[in-house]
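One structure below.
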Amino acid sequence: QVQLVESGGGLVQAGGFLRLSCAASIPTFSSYSMGWFRQAPGKEREFVAGITRSGRSTLYADSVKGRFTISRDNAKNTVYLQMNGLKPEDTAVYYCAAANTAFLVTTLYTHDYWGQGTQVTVSS
């Protein structure tokens, strides 16, 4: 049974940092492109960052570019999201997702598996 389990969320002051992790129980983890999404209260879930199977290519939403970094360790079946310079508008539930494709994808329907989410709250 495929599972994605996020961790690392919490409460942080504006300007602070957090590192999210997503542990995937996917036997062929290295065959999946991975993404991070977030959903704030009353808003739609949105793309944050994506990384290809090899980790050589990444993509970021304009709102996080230069502050967030996505990476992966295929030996550990884990994808990370390093979040620096956090802002109150980054407050959301953060989800990791897996897409069985070689390409970077940014839409919800192209991802096959989802985690349960981890809460990130940034105070001003």
Side-chain angles (χ1 to χ4, degrees):
Q1 183 179 358
V2 173
Q3 273 191 314
L4 302 179
V5 180
E6 301 97 336
S7 61
L11 173 64
V12 64
Q13 288 188 332
F17 64 91
L18 285 172
R19 189 193 195 204
L20 305 183
S21 299
C22 172
S25 62
I26 303 176
T28 55
F29 177 74
S30 60
S31 298
Y32 286 75
S33 291
M34 299 296 295
W36 285 97
F37 292 74
R38 66 186 181 187
Q39 187 167 18
K43 295 188 176 181
E44 294 186 349
R45 194 171 299 189
E46 64 176 3
F47 171 80
V48 174
I51 189 167
T52 52
R53 299 184 297 190
S54 65
R56 281 195 288 267
S57 295
T58 58
L59 182 67
Y60 298 92
D62 288 343
S63 58
V64 306
K65 203 172 293 182
R67 298 188 297 123
F68 291 11
T69 302
I70 188 172
S71 62
R72 66 189 295 163
D73 185 338
N74 285 345
K76 296 182 178 180
N77 281 23
T78 302
V79 62
Y80 305 97
L81 186 67
Q82 178 68 42
M83 306 186 295
N84 298 330
L86 283 162
K87 305 175 180 180
E89 51 264 43
D90 294 319
T91 295
V93 177
Y94 283 71
Y95 300 88
C96 73
N100 192 1
T101 176
F103 304 102
L104 282 167
V105 290
T106 64
T107 54
L108 275 65
Y109 69 86
T110 51
H111 287 77
D112 303 284
Y113 303 107
W114 291 84
Q116 83 291 346
T118 185
Q119 177 70 48
V120 171
T121 304
V122 184
S123 63
S124 57

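Applying the side chain to side chain donor-acceptor pair (under 3.5 Å) test to pairs two or more places apart or on separate chains, those with a residue in residues 47-62 are Asp62-Lys65.
Between Tyr80 and Trp36, the closest heavy-atom pair is O-NE1, 3.4 Å. A pairwise comparison of heavy atoms in Ala99 and Val105 identifies CB-CG2, 3.6 Å as the closest pair. When all heavy atoms of Asn74 and Ser30 are compared, the pair lying nearest together is ND2-CB, 3.7 Å.
Of the inter-residue distances, the one linking Arg67 atom CZ with Met83 atom CE reads 9.5 Å to the nearest 0.5 angstrom. One distance of note links CG of Leu81 with OG1 of Thr118; it measures 11.0 Å at 0.5 Å rounding.
In this structure, the side chain to side chain donor-acceptor pair (under 3.5 Å) partners of Asn84, at least two apart in sequence or on a different chain, are Gln82. Every residue two or more places apart in sequence or in another chain that forms a side chain to side chain contact (heavy atoms under 4.5 Å, CB included) with Ser7 is listed here: Ser21. Under the salt bridge (Lys or Arg N to Asp or Glu O under 4.0 Å) criterion, Arg19 pairs with no residue, sequence neighbours left out. The side chain to side chain contact (heavy atoms under 4.5 Å, CB included) check on Ser25 picks up Gln3, with sequence neighbours excluded. In this view, Gln39 and Arg45, Tyr95 satisfy the side chain to side chain contact (heavy atoms under 4.5 Å, CB included) rule, not counting sequence neighbours.
Using modelled atom types, no side-chain atom of Arg72 and backbone atom of Gly55 make a donor-acceptor pair closer than 3.5 Å.
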